Protein chains: 2
Amino acid sequence: MESYHHGDLAKALLDKAEALVEEVGLDALSIRACAKAAGVTHSAAFRHYRNKRHLLTALASRSANRMADFIGERSSQANKSSQLLEVGMAYIGFAMTNPNLFRLVFREEIIDASDQNYRAATRRLADQLGDSRMKRTVDDPLSETALLAWSAVHGMACLSIDGSLQSDVPDENKMQIFRNSLSKMQPVFAA
Amino acid sequence: MESYHHGDLAKALLDKAEALVEEVGLDALSIRACAKAAGVTHSAAFRHYRNKRHLLTALASRSANRMADFIGERSSQANKSSQLLEVGMAYIGFAMTNPNLFRLVFREEIIDASDQNYRAATRRLADQLGDSRMKRTVDDPLSETALLAWSAVHGMACLSIDGSLQSDVPDENKMQIFRNSLSKMQPVFAA
DNA sequence: CGATTATGTAACCAGTGGTTACATTGATTT
DNA sequence: AAATCAATGTAACCACTGGTTACATAATCG
C-alpha cells in the first residue's frame with residue numbers, strides 16, 4: 001500500500017499519459033484513465049493540471065524535447081555531407097516510432113500553444129532542424145529551400161503514420177524508400 | 001413548422017456537420033450538435049449513421065471528392081508546363097480554406113478507412129495528384145519523385161494550417177512563399 | 001382501408017471533463 | 001512536542017457526449 005500522498009503525481013501522470021496515448025490513441029486518451037493508471041482519483045489529477053489541455057501541453061512539450069534529443073543524436077553521428085538527410089530521416093523515424101506523440105506535438109488545437117515550456121521545446125526542435133531560419137519565412141529567400149526540406153520530411157512523416165501510403169510495406173522498406181526519395185532533393189541544395 | 005418526417009435527414013446532417021466542423025473544430029464536433037442544427041433529436045441521427053464514425057466517414061468522403069474536384073479544376077486551367085505546380089498549390093489552397101475538412105480526410109483513426117465510398121474518393125484524389133503511381137511505392141523507382149512532390153505539398157499544407165509556421169503572415173503571402181518554395185523543386189523533375 | 005416499414009421522439013446508460021466540499025497528510029512555527 | 005496551515009488526496013456532484021431501447025408517428029403498399 002502506498003501512502004496517502006503520492007510523491008510525484010505530476011510526473012506519474014505524464015508517464016502514464018505517454019504510455020497510454022500510444023495504446024489507445026490520441027483522441028481516446030482521458031484524464032480519468034491516466035489517473036486510474038497512477039492509482040489515484042481523477043480529481044487528484046486536476047490538482048496538478050488545471051485541465052486536460054494542460055496535461056496534453058506538458059506531454060507535447062516533453063515529446064518535442066525527446067524528438068529534438070533524438071534528432072540531435074542522429075545528427076551528431078552523421079558526417080557533415082549527409083547531415084541534412086540524416087536529420088530528416090531521424091524526424092521521420094521518431095514519428096514512425098511514436099506516432100501519437102509526434103501528432104500531439106503539432107496538434108495545436110488541443111494544446112496551449114502559448115505555453116512557455118511548449119514554445120521552448122518546439123523552438124529547440126526547430127533549431128535542431130538545421131538552422132532556425134526555417135521559421136523566419138517572410139523576407140529571407142534562403143529559407144525557401146529550408147521550408148521545402150522541412151515540408152517534404154514532415155509530409156512524409158504524416159503520410160506514413162496516417163496510413164495514406166501503401167500500408168502493407170514493412171517499416172524498414174518504407175524508410176529506405178523515404179531515404180531514396182529525399183535524396184532526389186540534393187540538386188536543390190547544390191545550387 | 002416542418003412535418004414529422006424530415007425529408008433528407010442524412011444529407012442535412014452531413015451539411016450541418018460540414019458547417020459546424022469549421023466552426024467548432026474537428027475534435028469538438030458532436031452528433032448531438034449536428035442533430036440539433038438539423039432540428040431533430042440526436043437519436044434520429046443514429047437512424048442514418050450507425051455511429052459518429054460513420055458520419056465522419058461520410059463527411060470525409062464528400063470532402064475528398066470536393067478536394068479532387070477543386071484540384072481538377074485548377075489543373076485543367078493551367079498550361080501543361082506549370083501543371084504540377086498548380087496542382088500542388090490547389091492542394092494547399094484547399095487545405096487552407098477548409099482546414100478541418102482537409103484534416104478529416106487524412107485522419108484515418110477516427111473514420112472507417114475501409115469504407116467503399118471513402119476509398120473511392122481518396123483514390124480519385126490520388127489520381128488527381130498527377131499519376132496514381134504516387135501510391136504504388138514498392139518497386140517503382142519513378143514513384144520516388146512523385147512521393148517527394150506529394151510529401152512536400154502535403155507537409156506545407158499541414159504545417160501551414162497547424163500554425164507551425166510563422167502565423168502572423170497573411171494567407172496570400174504564405175501562398176506566394178509556398179509557390180516560390182515549391183518552384184525550387186523543378187530541377188528534381190527536369191532529370 | 002389496414003398492415004408494414006421507415007423515421008422520428010423520450011428516456012435511459014456509461015463515460016468524460018470539470019468543480020466543490022471535505023479529509024488526510026507533511027511541513028512550519030512556536 | 002503541539003498546534004497550525006498549506007499541499008494534496010477523496011467523494012459527490014454537474015453538464016455533456018456517444019449510444020441503445022421502447023414507443024410514437026408518418027408514409028407506403030397490399
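Here is how names work: the chains are called A, B, and so on, in the same order as the sequence lines, proteins then strands, and each is numbered from 1. Computed from a predicted model, the values in this text were never measured in an experiment.
In this structure, B:R32 and B:L9 both approach DNA chain C, and ranking their closest nucleotides by distance from the 5' end singles out B:L9. Take the nearest nucleotide of DNA chain C for B:R47 and for A:N51: the residue whose nucleotide is more 5' is B:R47.
With rounding to whole Å, A:K36 atom NZ is found 13 Å from D:dT10 atom P. Here D:dC14 presents its P atom at 17 Å from CZ of A:F46, a figure rounded to the nearest Å. Atom CG in A:D8 sits about 12 Å away from atom C1' in D:dT8, given to the nearest Å. Remark: P of D:dG18 and CG of A:D27 are 13 Å apart, rounded to the nearest angstrom. For the pair A:L13 CG and D:dG9 P, the interatomic distance rounds to 9 Å; values are reported in whole Å. One atom, NZ of A:K52, and another, C1' of C:dG15, lie 12 Å apart when rounded to the nearest Å. Atoms CD1 (A:I31) and P (C:dT19) sit 10 Å apart, rounded to a whole Å. Rounded to an integer number of Å, the gap from CD1 of B:I110 to P of D:dT17 is 16 Å.
Within the nucleic acid shown, A:L55 has no heavy atom closer than 4.0 Å to any nucleic acid atom. Among the atoms of the strands shown, only primed sugar atoms or phosphate atoms (P, OP1, OP2) are found under 4.0 Å from some heavy atom of B:H48. The residue A:S43 sits close to a base: some heavy atom pair falls under 4.0 Å.
Rounded to the nearest 0.5 Å, atoms CZ (B:F46) and CG (B:L13) are 10.5 Å apart. Separation of atoms CG (A:D171) and CD1 (A:I92) is listed at 11.5 Å; rounding is to 0.5 Å. Note: B:R124 CZ to B:M67 CE = 12.0 Å, rounded to the nearest 0.5 Å.
For the pair B:S30 and D:dT17, the criterion of a side-chain N or O lying under 4.0 Å from OP1 or OP2 is met.
Applying salt bridge (charged side-chain N to carboxylate O under 4.0 Å, His left out) to A:D27 and the options A:R107, A:K52, A:R103 leaves one that passes, A:R107.
Side-chain atoms of B:H42 and base atoms of D:dG19 include a donor and an acceptor less than 3.5 Å apart.
Checked against the 6.0 Å centroid threshold, B:F102 and B:H154 count as a close aromatic pair.
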